Amino acid sequence: MEYMASNLNEQKQLIYSKNILFIQDIDGVCIPLVKDPMTRELESKYIYAVKEFAEEFFVLTCGEHEGPRGVNRIIERSLRSTTEPKNKELYLRGLAACGVEYQDSNGEISFEGVSEKELSFLSKVPSLIRPKFNYIVKNIFPELDQKDINFHAVKSICETRFSPTINFNSLFDLVHEDSDKRKLIQISFEKMMNEIILKAESEGLKNSFFLHISPNLGNKNGRETIKLSSQDDIGSTDIQLLFRGAVKDSGVLFLLNKFITDKTGKAPFGRNFNFRNSPNSITEKIDLCKRTIQKEDMPLIVGVGDTVTSKKNNDEKSYSRGGSDRSFLELIQILGNEFGINNKIIFVDSSSGEVERPSTKKTGLIGISDVHDNLKFDIIFKNGPKEYISWFIELANQRSNFKKNS
């Protein structure tokens with residue numbers, strides 16, 4: 001594994017390829033991880049570098065574009081303007097809410113495959129969480145008064161349109177190094193969010209939603225496995241209520257379909273393709289691509305993420321692997337193999353932020369990957385978002401010059 005900026009062959013491949021497509025996560029990749037999402041910052045030079053890539057770049061995030069907590073607000077703060085991002089087409093184009101909320105560089109939002117009934121239920125979720133939050137926190141922290149509980153509720157309950165979320169970081173600050181109490185927080189709120197799933201089912205929305213846990217240890221029987229806290233790993237930090245089918249690997253298909261449609265005028269999966277009519281398994285997704293995409297239309301895809309996990313099981317012979325970025329990176333890697341294209345998988349070490357994560361600088365890939373893992377990284381940015389952004393800006397400039405002169 002080599003730093004790609006020093007590997008001239010790989011760098012030249014990205015600069016001079018006829019067709020490339022970046023599909024990139026946001027938090028932990030181009031934005032350092034922070035405990036309070038409202039304090040996130042994005043470097044303005046990165047925003048302009050994205051514009052240089054133009055149609056060759058998409059984001060794919062489980063956060064959201066719009067709303068008070070949305071990435072669009074971060075862009076406006078970074079550029080110190082609420083009008084410049086739209087006028088200069090500087091919003092990050094791509095998918096948010098793990099594949100539901102699409103946005104172009106003008107900030108125009110679209111979301112297909114969701115019903116008004118589902119949106120109506122999601123709008124009620126924060127008010128369903130609050131009394132349960134109150135009860136759980138009082139039980140775990142009996143010494144807290146109501147004012148303190150309200151303070152943590154504001155930080156912990158994320159009122160997002162497509163993905164209402166409970167975040168543990170504010171409560172984790174109260175327990176310091178007590179991993180048992182962190183586990184109690186994680187288990188209590190996972191139970192609470194499952195109760196909200198049952199509430200949705202009672203209102204006729206049986207197959208509408210699922211819980212996305214970040215980071216997680218993979219998927220068993222259609223449910224993501226929470227990563228419980230330990231002394232050396234904080235584990236899962238938030239749980240989102242998402243639309244069933246809103247997974248990042250389906251998002252890759254949506255973005256690939258859009259990229260090829262814009263390039264060729266033909267939509268390989270159909271012009272109305274969205275996360276709800278995407279195949280479920282990776283194998284089915286690969287088969288769909290092989291049936292409908294011509295090799296000459298398939299770009300070299302660069303997948304960039306930070307949330308990948310691997311934990312050795314108690315039997316010492318097997319691993320639980322997950323993370324919200326794993327599935328989309330695996331799909332990109334397999335697509336490259338199947339189409340004979342040298343797709344690139346990039347891992348950004350986000351452990352240098354405010355949220356505890358396994359560190360490649362301290363323990364290598366322990367907690368992230370393992371020797372038997374099929375997912376292989378072509379490049380690892382050990383110094384996190386800052387190092388990745390510097391490399392990205394340089395590459396964007398060289399790629400832009402190549403396109404202008406070719």
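In this text the structure is predicted, and so the values were computed from the model without any measurement.
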Taking Arg326 first and then Asp373, would you say they form a salt bridge - that is, a charged N and a carboxylate O separated by under 4.0 Å? yes

Ion pair present between Asp287 and Arg291, side-chain N to carboxylate O less than 4.0 angstrom? no

Any salt bridge linking Lys248 with Asp25? Criterion: basic side-chain nitrogen under 4.0 Å from a carboxylate oxygen. yes

Taking the six-membered ring for Trp and the full ring for Phe, Tyr or His, determine whether the centres of Phe111 and Phe162 are under 6.0 Å apart. yes

Counting the benzene-type ring for Trp, do Phe269 and Phe254 have ring centres under 6.0 Å apart? no

Just checking, any donor-acceptor pair under 3.5 angstrom between side chains of Thr165 and Ser163? no

Take atom CD in Glu89; do more than 12 heavy atoms of anything else shown fall under 6.0 Å from it? yes

Residues Lys361 and Asn383: side-chain donor-acceptor under 3.5 angstrom: yes

Cut-off 3.5 Å, side chains only: do Glu66 and Asn72 have a donor facing an acceptor? yes

Could you tell me whether the side chains of Ser320 and Asn313 share a donor-acceptor contact shorter than 3.5 Å? yes

Do Arg77 and Glu41 meet the salt-bridge criterion of a basic N to acidic O distance under 4.0 Å? no

Relative to each other, are the rings of Phe22 and Phe392 parallel, tilted or perpendicular (30° and 60° limits)? perpendicular

